[in-house]
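Remarks on the structure that follows.
Only a predicted model underlies this, so the values are computations on that prediction, with no experimental measurement involved.
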Amino acid sequence: MSLFGFGLHVSDFTTIHAPPNLFIAENLHEEEEVVEENEEEDEEEDDDVDSETTTNLNLDLNLDLLLSTTTRQKRKKLTLSKATKEIFKIGWPTMLQNVSAAIASIFAIYLVAKHENTTAVAAYGLASSLCSVTGHCLLWGIGGALDTLSSQSFGAKKIARIGELWWRCVAVLICTCWFPAVCVWSRAELILTSCLHFPSDVSHLVEVYAMVYAPGLLAQCLSCACLKTLLACKKSETVAKISFLCTPLTMVLTYVCIAKFKLGFVGAPLALALVDICKAICYCLSTFVFDNDVKKCFKKGKGTRTIFKSAFSEWSSFFKIAAPNLILSIMEWWAWDVIFFLSGKLPNAKDTLAAQTIQINSMIVVYNIAGCVCRGSSSCVGNSIGAKQPKDAKTYAKATLISAFIGTMLMSLLYYLFGFELLQKLYVDENDHATSVIMDEYVKPLTSLVSLFMLFDGVQVALSGVITGAGYQKVTMPALLISYWVIGLPTGIFLAFSQKISLVGLWVGMIIGVVLHCSAVTVVVFGRTFLNLKKSWTIDFPTACARAAAENATFLDDDEEDCDGDEEEKHENYDEDDDEIAVADEKQQVLAL
């Protein structure tokens, strides 16, 4: 508005031309305007804060969705079906190997029975048991340390450490298994006749068998280390090719040595030794020459001095895993072989030994599924532990139990229905009355017991692969000791000798032992998962991951290449708890901004 009618505004004369009372009024008016402006600014700031809070809440919700989606994309959950496929993918070549070994053993017994007498059949079984107790048991028990160490090293990408472990394993096996075994075998006849009071003719054949086979055990030292290294590096196809090659070779050499060259009983161990030597050559060529991925494990170990250091250093750390595995093998294998030796103390010793030989070598075929699952699960669980994936390790354990139970149940049922008829057709000749009597009086009554035994033993064999992969062999030793040596064997001896029910009594005792052992192994593997048993003797997969990480951290490996050439799917090394912590931290950082 104009002031005094001259067209001038108050603002033109506010400080100079206005009278005192007007000046005060104008100041008051300005203060009111300033207050109103401040209030408007405060309201705008409040609106800004409200909008910012709303934005943060929306961002918080969006962040939750984004991070959960990202986590799901980064980590694909391992399903039971996928875990089962992975286990069989790694383990099936060993099933083929076991099948060929079992068939070769049955074929050898068949040829020995056709060309020799009952004494030779009994000696074959006793010699196999002796070689198992003093040779194979020690060799594969100590070599089983690679199932844990090499698998975990592969999962942690410590490739050069796998090569060092190979040299160390071979040196340990030769020094602690092969050499002592040969010393015992050279005195086998004296030990069996003087100490165990076996017939002299059987004992003599046992010593001949063992000494002829001695080079084959040396070759197995190399085969054991190569096989476990290849499986730890997930090279199951290489193992399968070697198995395909050696399976027909086993049959041909067994026939040629026993029947064609007419070597008779001596031809059986000679054929086995030649097959083991051929396998060792194939495994070493695959490990050091043909497989480029596995060759990377040894590129830092060239030179005599380096190899010597790798082979003869850190034995104490190696035996921390190997010793429990060896004790487990001794307690379980020796329990079997004690049963075999006790069979020779029953009335009609040659007949009972022959019957036990036929039964044990025939039921090996049924263990192929359990052995396949055991080998595959030890590699898969060990890889998961080394890669810090405890959830995957648990999934592999569940897949192991399910697949082993279903597979072994099927094979046990087939053995119960058709096993005896097949054995009778294989071993009994119309003109051989002695073998017919053995089958009817000793083998037939055992069919149902053996079928039941195979079901429980197959499950525990498969679950032992999970225990080996996690490195928890030590916790199962008390259970195995009590199951077989405190309860099973004494019960079997009491029934067989005091109650005079012969082989049936020994097998009843072993069934009691294997049921207890299977139950204990199941609790060790799944005690925390299903029963919530937070005990030191149950497997804690996160703790196993931490322990493996600590062991691998002490090994400096400059080359972090993956042994597996193709870039297969790799799971993120996160547990669900780690994911939650990471999500919370990222949300806090965004909100702080």
Practice task
Taking all heavy atoms of Ile385 and all of Ala470, pick out the closest pair and write down the distance.
Solution key: CG1-CA, 4.4 Å

Exercise for the section: For residues 446-459, pull every pair meeting side-chain hydrogen bond (donor to acceptor under 3.5 Å, both in side chains), keeping only residues two or more places apart or in separate chains. Expected result: Tyr367-Asp457, Asp457-Gln460

Handout entry: Thr395 (side chain) donor-acceptor with Lys391 (main chain) under 3.5 angstrom
Key = yes

Practice task
Indicate whether any N or O donor in one side chain lies under 3.5 Å from an N or O acceptor in the other, for Tyr213 and Asp276.
Solution key: yes

Practice task
Identify the heavy atoms of Ala120 and Leu205 that sit nearest to each other, and give their distance.
Solution key: CA-CD1, 4.2 Å

Problem - Distance-only polar pair, side chains of Trp178 and Gln220, donor-acceptor under 3.5 Å - result: no

Practice task
Please confirm whether Lys398 makes a cation-pi placement over Phe526, using NZ or CZ under 6.0 Å from the six-membered ring centre and within 45° of the ring normal.
Solution key: no

Exercise for the section: Kindly state each residue pair satisfying side-chain hydrogen bond (donor to acceptor under 3.5 Å, both in side chains) with at least one member in residues 183-198, sequence neighbours excluded. Expected result: Thr134-Trp185, Glu189-His204

Handout entry: Phe453: ring pair (Phe, Tyr, Trp, His ring centres under 6.0 Å) partners, not counting sequence neighbours
Key = Trp336, Trp507

Problem - Short N-O contact, Asp147 and Arg375, less than 4.0 angstrom - result: yes

Problem - Over all atoms of both residues, closest heavy-atom pair of Thr400 and Val466 - result: OG1-CG2, 3.8 Å

Practice task
Assign the ring pair Phe319 / Trp315 to parallel, tilted or perpendicular, where the plane angle (0 to 90°) is split at 30° and 60°.
Solution key: tilted

Handout entry: Exercise: identify the closest heavy-atom pair between Ser203 and Leu192
Key = OG-CB, 3.3 Å

Practice task
Please round to the nearest 0.5 Å and tell me the distance separating atom CG of Leu503 and atom OH of Tyr442.
Solution key: 7.5 Å

Handout entry: Leu328 backbone acceptor or donor facing Gln473 side chain under 3.5 Å
Key = no

Handout entry: Atom OH of Tyr416: over 12 foreign heavy atoms under 6.0 Å
Key = no

Exercise for the section: Look at atom CZ of Phe179 and say whether more than 12 heavy atoms of other residues, nucleotides or ligands are closer to it than 6.0 Å. Expected result: no

Completion exercise
Output for pair (Ile339 CD1, Met510 CE), nearest 0.5 Å, gives 5.5 Å

Exercise for the section: Verify whether one side chain among Tyr396 and Gln389 offers a donor that lies under 3.5 Å from an acceptor in the other. Expected result: no

Fill in the blank from the handout: Interatomic distance, CD1@Ile482 vs NE2@His517, rounded to 0.5 Å, equals 11.5 Å

Handout entry: Salt bridge Arg168-Glu164, side-chain N to carboxylate O under 4.0 Å
Key = yes

